[in-house]
Structures are given as C-alpha cells and as structure tokens.
Amino acid sequence: MSPRVSLFYSDRFLAHDTGRYHTENPGRLTAIVKVLKSMAWADQIDWRSPTAPQTRGDVLDWVTQLHNPKYVAGLKTLCDQGGGHIDGDTVVSAASYDVALLAVSAWLDGVDAVLANSHPGFVLARPPGHHAVRDRGMGFCLFSNAAIAAHYALKQPGINQVAILDWDVHHGNGTQDLVEMNRNIVYCSLHQSPCYPGTGAASEQGFYDNILNLPMPPDSTFADYQPIFEEKVIPFLQNAAPDLLLVSAGYDANHADPLAHVALRPQDYGHFTRYCLALTPKVLFGLEGGYDYQSLSESVVSTLEACLNP
C-alpha cells in the first residue's frame, strides 16, 4: 500500500539541547518515533527528511519577515557563543538556531507536500513555535512555525485563505500575534484558562474577526470539548473556507501531562483529527507541546490513525 501521510522528521531535531532536566527535551521525539515505527501501519507513513535551510534558500527570509531581524540575529549570536537562557523557561544550545531554522523548513516542506498531493501531513519537529512572538522567543519556542507556514502558504498558487487550529493546552500567543492583522488567516485556539501565558481571552477577536479563542476550564474532558468543536470551532473554520488547514498539534491537554490540568485522553485526538479532515484533506499537523512520553506518543498515533482511516 502506498504511503498516505507525509511525515517530516530528522534526527537533527534532537540536537536542540535544553539540558538534562528540561521538560521540552529530545526524548519527546525519540519516544514518538519508536512507537510509530512499531505500528502495523508504519509502511503507510512516508518518512521525509526536511530540506536543509541552505538548500531551500527561503527559510531565513520567511523567518525575518515575521520576526524582528534583530531578535533573529541576537538568537544566532547567543547560539554561536554556546547557548544560554532566553528566559527562565526557554533555553538554547550551540545547535539550536540551526535546528530552529530546520523546523521552519520542515513546516514549509509540509505545506508544499500537502498542497501537492491533497493528503494530510505531519511535522515531527522541535523546538515548538506557537509562543514565539515577533520580538522574542518564549515558552520553549524560538520561531513561530505555524504562523510562518501560514504566510508562506498564502504565496502559493490557488491559496487565498489559511486556517490555523491550535489545540495545545496553552494559548498560542505568538501565532495570534503574527496572524491577527492578516485578513486571509484565521486562528482558533482551545486552551486551558487560567494557564500560561495568560493570553487568549474570548474577547480577543483579531483585527478582522479572524481570531476565535476558546478558554477551557481545568479538568475539562472530551465531553466538554466535543460540543465546543461542533458548535464553535467547526462553524468558525467552515465560514473561513480555508484552502489549507494548519494544526498546532500540542498534546499537553492529556490527563497525564505534567504542565497543565486538562483531562483529555490520547484517543480524543483521533476525534479532533477527523473533525479537521471533514473540513478538508489539506491538513498539516505540526507538533507543539506534550511532555508525558506515553500519552504524547499515543496521541500522535491517534492523529495518524485518523489520517489513515478518516
């Protein structure tokens, strides 16, 4: 059977060294890869290596279109000097700048693949991106991968509208910051409230009513999420009529995750995925959070199984 999901991954993503005890660490990816390669349907995944940023040639240009070039240059300098802390939570190593560019390249490759074959794709990369704002990284994130991918997609033939769905347990303040002034991008986030980073109030609706924030109380379960998806998320996305749907696929709303208090189960992400695929087959999922290895891996499995059996 020919592969039905394109998955972008490189061992190079493990070189972003955040330190032995940091929550966002390389073990997240190695755990996912191990489980995926053990699945009976593993041969239905088209494993692809992301294009080296130097080969693509446009990656840094896209990064500096959305992020302040002074921030980007400063990040490179910090990494060239061996790394350090951007803030109390966000750490970089000597390799982190190059790895972050590779993560952006993987998202751009993912957009290209999804648009070319109309099959879903998955970007299995780190560092994550949805907290990175225009002038700084924060919340484990360096570059705003999903926002960059959305702007990039709008420059591709036939793409007039892009939607971003963010189901990470934390609000994607960086994504919102970088898309809310573009009338051709809509952004929807379901996130625990109160929780880091303290943004994402329902009253934040963007400059063109293109933002839908759906704060969820602690201990929410699928029974709480399901009506929100069906009554608010899906109508909002349908109304946007996106030519491409990007999903900031964080899996830290799992009951087992140590950083928040939402009580979803791994299988719930399969239901979320089918909601997305019912809107359009042109869906690119990209890893954001998720810090309990087992529930993280099982949730990615649920997403990919739903892609293979929509």
Side-chain angles (χ1 to χ4, degrees), residues 10-32 50 53 59-60 62-107 123-148 166 168-178 189 191-192 194-200 248-252 257-261 286-293 296:
S10 170
D11 286 342
R12 181 66 177 156
F13 293 134
L14 308 179
H16 170 50
D17 183 3
T18 51
R20 183 175 179 181
Y21 299 108
H22 198 281
T23 305
E24 199 293 291
N25 60 67
R28 302 174 63 229
L29 296 194
T30 55
I32 295 168
V59 175
L60 184 57
W62 279 107
V63 170
T64 53
Q65 280 188 43
L66 271 75
H67 291 286
N68 188 327
K70 290 184 178 180
Y71 159 63
V72 177
L75 177 63
K76 183 179 188 302
T77 297
L78 179 60
C79 293
D80 286 345
Q81 294 173 346
H85 280 77
I86 293 178
D87 62 21
D89 298 319
T90 310
V91 185
V92 297
S93 62
S96 296
Y97 175 80
D98 290 335
V99 175
L101 288 179
L102 186 63
V104 172
S105 185
W107 278 77
V123 179
L124 186 56
R126 55 185 292 274
H130 73 153
H131 293 309
V133 296
R134 192 175 306 277
D135 296 321
R136 64 190 173 101
M138 59 181 286
F140 311 160
C141 301
L142 302 184
F143 299 140
S144 192
N145 303 317
I148 294 169
D166 189 336
D168 189 281
V169 80
H170 304 102
H171 177 245
N173 59 304
T175 306
Q176 180 174 316
D177 176 55
L178 293 168
S189 174
H191 48 272
Q192 179 183 318
C195 197
Y196 179 90
T199 54
S248 278
Y251 297 100
D252 39 8
D257 200 273
L259 293 194
H261 299 93
L287 185 66
E288 297 283 1
Y291 306 101
D292 173 76
Y293 290 176
L296 170 62

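Heavy atoms only: backbone and side chains are in, while hydrogens, waters and symmetry mates are out. Residue numbers start at 1 and run along the sequence shown.
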Under the side chain to side chain contact (heavy atoms under 4.5 Å, CB included) test, which residues partner [X], sequence neighbours left out?
X    : value
Y293 : N25, R28, A31
R12  : S10, A15, A95, D98, V99, L102
T30  : L14

What's the shortest heavy-atom distance between [X] and [Y], and which atoms?
X    : Y    : value
C141 : H130 : SG-N, 3.6 Å
L296 : G289 : CD1-O, 4.1 Å
H170 : C195 : CD2-SG, 3.5 Å
L142 : S96  : CD1-O, 4.1 Å
M138 : H131 : CG-O, 3.1 Å
G139 : D87  : N-OD2, 3.9 Å

As an exercise, state the distance from [atom1] of [X] to [atom2] of [Y], rounded to the nearest 0.5 Å.
X    : Y    : atom1 : atom2 : answer
L178 : H67  : CG    : NE2   : 5.5 Å
L60  : Q65  : CG    : CD    : 10.5 Å
K70  : T64  : NZ    : OG1   : 14.0 Å
L78  : Y71  : CG    : OH    : 9.5 Å
N145 : R126 : CG    : CZ    : 12.5 Å
L124 : I32  : CG    : CD1   : 5.0 Å

[Y] and [X], any side-chain heavy atoms less than 4.5 Å apart:
X    : Y    : answer
L29  : L287 : yes
D177 : V133 : yes
T23  : D89  : no
V169 : D257 : no
F143 : L101 : yes
W107 : I148 : no

(message) Would you say S189 and H171 are linked by a side-chain donor-acceptor pair, where the criterion is simply a distance under 3.5 Å?
(response) no

(request) Check the side chains of S248 and E288 for a donor-acceptor pair under 3.5 angstrom, ignoring hydrogens and angles. (result) yes

Residue list, ring-ring contact (aromatic ring centres under 6.0 Å, His included) with [X], at least two apart or on another chain:
X    : value
Y291 : F140
H16  : none
Y97  : none

(request) Before giving the answer on side-chain contact (heavy atoms from CB on, under 4.5 Å), spell out for V63 and V104 the whole-Å C-alpha distance, their side-chain angles and the decisive distance to 0.1 Å. (result) CA-CA 8 Å; V63 170; V104 172; 4.0 Å; yes

(request) Please answer whether the main-chain N or O of P50 pairs with a side-chain N or O of S105 as donor and acceptor at a distance below 3.5 Å. (result) no

(message) Between Q192 and H261 (side chain of the first, backbone of the second, donor and acceptor by atom type, cut-off under 3.5 Å), is there such a pair?
(response) yes

(request) Quick one: do D166 and H191 satisfy side chain to side chain donor-acceptor pair (under 3.5 Å)? Show the steps, please. (result) CA-CA 8 Å; D166 189 336; H191 48 272; over 6 Å; no

